Amino acid sequence: MTDLKNSGVTDVQASGSCCSADGACHSGSASDSQDGALTTVYRVSGMTCGHCEGAVSQEISALDGVTAVTAVASTGEVTVTSSAPLNEEAVRAAVDEAGYELVGTA
C-alpha cells in the first residue's frame with residue numbers, strides 16, 4: 001500500500017487511478033476522463049518538499065468540486081481532478097493561501 005501521507009498525494013475521494021481505462025496517463029493542461037471528471041495540471045513555484053506538497057494539496061482540495069489533488073515539488077506540477085472546470089482565480093487564491101505562487105497551467 002502506498003503511503004499517501006508522505007507522497008504529496010491527497011485523495012479526497014477514493015476516485016481510483018489517475019490513468020484512463022486503457023492505462024494511458026493524463027497529460028496536458030486539461031482533459032475529460034470517462035467518469036465526467038476533469039483533470040487540470042497547474043504549475044506552482046516555490047514548492048521544495050513534501051510539506052509544501054501537502055500544504056498546496058490541502059488548500060486546493062478545499063475548493064468546491066475538487067475530487068483529487070497530486071502535488072509534486074520536484075516538477076512544480078499540481079494535478080487537480082474536479083467535477084467541473086475550476087475558476088483559475090480560486091485556484092490562485094488557494095495556492096497563495098498555502099504560501100506559493102500559481103504560475104499557470106502546464
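As the structure is a prediction and not an experimental result, all values here were calculated from the model.
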Value rounded to 0.5 Å, distance of CD1 in I60 from OH in Y42: 7.5 Å

Rounded distance (nearest 0.5 Å) linking atom CE of M47 with atom OG1 of T75: 6.5 Å

Partner residues of A90 under the side-chain contact (heavy atoms from CB on, under 4.5 Å) criterion, sequence neighbours left out: L63, N87

Residues forming a side-chain contact (heavy atoms from CB on, under 4.5 Å) with A98, sequence neighbours excluded: A55, V56, E59, Y100

The single option from T40, V41, V72 passing side chain to side chain contact (heavy atoms under 4.5 Å, CB included) against T79: V41

Qualifying salt bridge (charged side-chain N to carboxylate O under 4.0 Å, His left out) pairs, either residue in residues 94-106, two or more places apart: none

Pairs touching residues 61-88 that satisfy salt bridge (charged side-chain N to carboxylate O under 4.0 Å, His left out), sequence neighbours left out: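 Every pair satisfying salt bridge (charged side-chain N to carboxylate O under 4.0 Å, His left out) with a residue in residues 61-88: R43-E77, E88-R92.
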
Closest non-hydrogen atom pair between S57 and A71, with its separation: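 The pair with the smallest heavy-atom distance is OG-CB, 3.6 Å.
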
Considering all heavy atoms, the nearest L38-A84 contact: CD2-C, 4.2 Å

Worked check of side chain to side chain contact (heavy atoms under 4.5 Å, CB included) between V66 and T81: CA-CA 6 Å; V66 172; T81 304; over 6 Å; no

Chi angles and distances behind the side chain to side chain contact (heavy atoms under 4.5 Å, CB included) call for V103, V44: CA-CA 5 Å; V103 177; V44 174; over 6 Å; no

